[in-house]
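In what follows, every heavy atom counts, from backbone to side chain, and hydrogens, waters and symmetry copies are set aside.
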Amino acid sequence: MNKKIVLRIIEKLQETYPDAKCSLIYNTPFELVVSVMLSAQCTDKRVNEVTKILFKRYNNPEKISEIPLQDLESIIKPCGFYKVKAKHIKGTAEVLKEQYKSQVPRTMEELTKLPGVGRKSANVILSEAFDTPVGIAVDTHVKRVSIRIGLSKQKDPNKIEEDLKKVIPKMYYKQLNHLLIEHGRNCCKAQNPKCVQCILKNDCDFILEQKWHD
């Protein structure tokens with residue numbers, strides 16, 4: 001897909017979702033790290049409900065590292081996979097406390113060495129907490145929409161990100177993630193996508209292929 005079409009797609013998405021932004025609620029980079037960990041296989045709405053309780057008492061690496069693991073599990077249980085998430089959150093808090101003076105590092109290499117933080121999570125942290133995006137976070141919505149539109153033919157999130165970075169200007173890295181998520185939630189759904197009313201129907205490979213077969 002050439003960059004002229006890509007820029008047209010971005011412009012249409014911007015017009016349709018002018019308020020697209022991260023829906024996780026946080027006050028510090030560390031709170032965002034925890035929220036991102038909890039968001040795996042869980043809605044942002046549920047995460048915000050849980051962190052509202054969690055962050056009242058435990059909102060920094062020192063406090064999280066000291067909380068008994070079972071108590072942490074009990075608080076975050078509504079987010080699912082709570083045992084693994086609690087282990088990662090507590091482990092990351094300990095690493096930050098011991099190696100980074102309780103500060104969240106600002107590089108992809110350092111972030112992805114933290115327990116439970118993969119490239120997608122690190123992309124979110126760098127973009128949202130520090131406004132220094134180095135890539136594009138590829139979640140299920142971004143993956144689905146990117147493939148359908150024709151921005152990538154890959155299935156692996158990391159390879160999809162590589163394809164996106166080839167055609168997306170860096171100034172749009174942060175915003176594109178939110179725009180594709182909104183479009184995935186509201187129109188380009190996994191089941192029964194609203195293709196007829198889609199703002200991208202003239203540039204979407206998925207729709208054009210359907211027309212060809214029809």
Separation between SG (Cys204) and CZ (Arg148), nearest 0.5 Å, reads 8.0 Å
Whether the side chain of Arg46 engages the backbone of Pro78 through a donor-acceptor N/O pair (distance < 3.5 Å, no angle test) should be reported.
yes
Using a 3.5 Å distance criterion without hydrogens, assess whether the side chain of Lys143 forms a donor-acceptor pair with backbone atoms of Pro157.
no
Lys85/Glu73 ion pair, N-O < 4.0 Å
no
Carboxylate-amine/guanidinium contact Asp139 Lys120, below 4.0 Å:
no
Other residues, nucleotides and ligands only: do more than 12 of their heavy atoms fall within 6.0 Å of NZ on Lys87?
no
Would you say NZ of Lys165 has more than 12 non-hydrogen atoms from neighbouring residues, nucleotides or ligands within 6.0 angstrom?
yes
Salt-bridge present (Asp205, Lys153; N to O < 4.0 Å):
yes
Donor-acceptor pair, Thr92 side chain versus Ile89 backbone, under 3.5 Å?
no
Output for pair (Leu13 CG, Arg8 CZ), nearest 0.5 Å, gives 12.0 Å
Would you find a donor on one side and an acceptor on the other, under 3.5 Å apart, between the side chain of Asn48 and the backbone of Ile25?
yes
Between Glu15 and Lys12, is there a salt bridge with N-O shorter than 4.0 Å?
no
Got a donor-acceptor contact below 3.5 angstrom from the Arg144 side chain to the Cys188 backbone?
yes
Look only at the side chain of Ser39 and the backbone of Val36, and say whether a donor-acceptor pair between them is shorter than 3.5 Å.
yes
Quick one, Lys21 with Glu128, criterion salt bridge (Lys or Arg N to Asp or Glu O under 4.0 Å). Give me CA distance, side-chain angles, the key distance, then yes/no.
CA-CA 9 Å; Lys21 62 181 180 179; Glu128 300 300 327; over 6 Å; no
Does some side-chain heavy atom of Cys187 sit less than 4.5 Å from a side-chain heavy atom of Ile199?
no
Are side-chain N/O atoms of Glu31 and Thr51 paired as donor and acceptor at under 3.5 Å?
no
Salt-bridge contact Asp44-Arg185 (side-chain N to carboxylate O under 4.0 Å)
yes
Taking the side chain as every heavy atom from C-beta outward, state whether Val138 and Asn123 have any pair of such atoms under 4.5 Å apart.
no
Ile67 backbone acceptor or donor facing Lys90 side chain under 3.5 Å:
yes
Electrostatic pair Lys166:Glu162 at N-O distance under 4.0 angstrom
no
Contact summary for Leu7 and Tyr172, nearest pair of heavy atoms
CD2-CE1, 3.8 Å
Without swapping roles, check the side chain of Asn177 against the backbone of Ile136 for a donor-acceptor pair under 3.5 Å.
no
Asp203 side chain to Gly150 main-chain N or O, any donor-acceptor pair under 3.5 Å?
no
